[in-house]
J.: 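Submitted below is the structure of interest, expressed as structure tokens.
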Amino acid sequence: MTIYYLFDSLCGWCYGASATLQKLNEIYPLTLTPTGLFYQSGADFARYAWSNDQRIERLTGQPFSQAYLENVLQGQGDFDSANSLLALTAVQQIAPEKEFATLAALQTARYVDGLDNADFTVIEQVLHKLNLSQAVPLLTEQSTRVVLAQRLQFGQQLANHCGVQGVPQLIVEKGERLHIVPSQLLYGEVQELKDYLQGL
């Protein structure tokens, strides 16, 4: 069984689901599959994001800090997940088992610590803290960009094939079949998610 986790590193709902998915990842390692929802988008979502983020916090309990509002949302309007996705791709190449922990750390840096996780300086700090310094030189390698482009293409094709538009989303490949996991299970108790997967 392969579990594809469709996500974007700037997606507040992905952060909202992260506590449940971290626990699931310890039982069933997830295959991180970026779809590029905010990849090179350049769109100004900041004014919409805060009310959405507060709703996510109410529903999931994941904190969105005042520092995030003041330093990240009000400090810059562009949403572009390119650099953080490059970082995840660099980690995938050298220590794939640490990719989910890196995503969680990048999310915490943004939403709790109020740091811009699109900034290479912040990304490098996160990688050093996780003892992944060897990933830093890969951030500027053309080969990393090529691999990221391939990952995004795969993620988009998988989403399109399954008729999935948003993230976060889990798609399970078991045997010859693909199963779309109901999104509400990503925000509840991990046992419910585990029971669903075992029933496939």
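Sequential numbering from 1 along the given sequence is applied to the chain's residues.
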J.: Report the distance from atom CZ of Phe154 to atom NE2 of His161, rounding to the nearest 0.5 Å.
T.: 10.0 Å
J.: Is the count of non-hydrogen atoms from other residues, nucleotides or ligands lying under 6.0 Å from Gln165 atom CD greater than 12?
T.: no
J.: Looking at CG of Leu21 and CG of Leu193, how far apart are the two atoms once the value is rounded to the nearest 0.5 Å?
T.: 7.0 Å
J.: Could you go through the side-chain contact (heavy atoms from CB on, under 4.5 Å) check for Arg58 and Gln54 one step at a time?
T.: CA-CA 6 Å; Arg58 284 195 302 273; Gln54 288 178 305; 4.1 Å; yes
J.: Listed by chain and number, what are the side chain to side chain donor-acceptor pair (under 3.5 Å) partners of His128, not counting sequence neighbours?
T.: Ser133
J.: About how many Å separate OG of Ser65 and CG of Asn71, when rounded to the nearest 0.5 Å?
T.: 8.0 Å
J.: Answer yes or no: are there more than 12 heavy-atom neighbours, outside Glu189 itself, under 6.0 Å from its atom CD?
T.: no
J.: Taking all atoms of both residues into account, what is the closest heavy-atom pair of Pro168 and Cys11, and its distance?
T.: CD-SG, 4.2 Å
J.: Do Val122 and Asp113 make a side-chain contact, defined as non-hydrogen atoms from C-beta onward lying under 4.5 Å apart?
T.: no
J.: So which pairs with a foot in residues 83-94 pass side-chain hydrogen bond (donor to acceptor under 3.5 Å, both in side chains), sequence neighbours left out?
T.: Ser9-Ser84, Thr89-Arg151
J.: If you look only at pairs with a residue in residues 81-120, which of them pass as a ring pair (Phe, Tyr, Trp, His ring centres under 6.0 Å), with sequence neighbours excluded?
T.: Tyr15-Tyr111, Phe64-Tyr111, Tyr68-Tyr111
J.: Donor-acceptor pairs are to be reported for all side-chain atoms of residues 171-178 against protein atoms at under 3.5 Å, with residues two or more places apart or in another chain.
T.:
| unit_1 | atom_1 | unit_2 | atom_2 | d |
| --- | --- | --- | --- | --- |
| Glu173 | OE1 | Tyr4 | OH | 2.8 |
| Lys174 | NZ | Leu200 | O | 2.8 |

J.: With Lys194, which residues qualify under side-chain contact (heavy atoms from CB on, under 4.5 Å), at least two apart?
T.: Ile27, Tyr28, Gln191, Gln198
J.: Measuring only between side-chain heavy atoms, which start at C-beta, is Ile123 closer than 4.5 Å to Leu106?
T.: yes
J.: Go through Leu85 and Asp8 one step at a time and tell me if the side-chain contact (heavy atoms from CB on, under 4.5 Å) criterion holds.
T.: CA-CA 8 Å; Leu85 292 178; Asp8 189 274; 4.1 Å; yes
J.: Of all the heavy-atom pairs spanning Lys98 and Thr102, show the shortest one and how long it is.
T.: O-OG1, 2.8 Å
J.: Would you sort out whether Gln22 and Glu26 count as a side chain to side chain donor-acceptor pair (under 3.5 Å), showing the intermediate values?
T.: CA-CA 7 Å; Gln22 275 180 282; Glu26 293 167 7; over 6 Å; no
J.: Can you confirm whether Pro29 sits close enough to Glu97 that some side-chain heavy atom of one is under 4.5 Å from a side-chain heavy atom of the other?
T.: no
J.: Roughly how far apart are Thr20 OG1 and Asn25 CG, rounded to 0.5 Å?
T.: 12.5 Å
J.: Hey, what do you get for CD (Glu70) to CD (Gln66), rounding to the nearest 0.5 Å?
T.: 4.5 Å
J.: Looking at residues at least two apart in the chain, or sitting in another chain, which of them share a side-chain contact (heavy atoms from CB on, under 4.5 Å) with Gln153?
T.: Gln157
J.: Under the side chain to side chain donor-acceptor pair (under 3.5 Å) test, which residues partner Glu124, sequence neighbours left out?
T.: none
J.: Checking side-chain contact (heavy atoms from CB on, under 4.5 Å) for the pair Arg110/Leu10: CA distance, chi angles, key distance, verdict?
T.: CA-CA 9 Å; Arg110 181 179 181 84; Leu10 294 191; 3.7 Å; yes
J.: Of all heavy-atom pairs between Leu130 and Ala105, which one has the smallest distance, and what is that distance?
T.: CD1-CB, 3.9 Å
J.: Are Thr31 and Ile3 close enough that some pair of their side-chain heavy atoms sits under 4.5 Å apart?
T.: no
J.: Work out which heavy atom in Leu73 is nearest to a heavy atom in Ala49; give both atom names and the distance.
T.: CD2-CB, 3.9 Å
J.: Evaluate Leu152 against Gln156 for side-chain contact (heavy atoms from CB on, under 4.5 Å), listing each step before the verdict.
T.: CA-CA 6 Å; Leu152 291 171; Gln156 290 160 4; 4.3 Å; yes
J.: Gln150: which residues meet the side chain to side chain donor-acceptor pair (under 3.5 Å) condition with it, sequence neighbours left out?
T.: none
J.: If the condition is side-chain contact (heavy atoms from CB on, under 4.5 Å), which residues does Thr35 pass it with, not counting sequence neighbours?
T.: Leu6, Leu37, Val167
J.: Sorted by first residue and then second, give each ring pair (Phe, Tyr, Trp, His ring centres under 6.0 Å) pair with at least one member in residues 181-200; sequence neighbours left out.
T.: Trp13-Tyr187
J.: Listed by chain and number, what are the side chain to side chain donor-acceptor pair (under 3.5 Å) partners of Asn160, not counting sequence neighbours?
T.: none
J.: Looking only at heavy atoms, which two atoms of Leu197 and Met1 are closest? And how far apart?
T.: O-SD, 4.3 Å
J.: What's the shortest heavy-atom distance between Asp80 and Ala118, and which atoms?
T.: O-CB, 3.7 Å
J.: Could you tell me the separation between the CG atom of Leu86 and the OG1 atom of Thr144, rounded to the nearest 0.5 Å?
T.: 7.0 Å
J.: Indicate if Val147 and Leu138 have the same hydrophobic cluster label, given that clusters are the connected sets of ILVMFWY residues with side-chain heavy-atom separations under 4.5 angstrom.
T.: no
J.: Report the residues that fulfil side-chain contact (heavy atoms from CB on, under 4.5 Å) with Gln142, sequence neighbours left out, ordered by chain and then residue number.
T.: Arg145, Val146
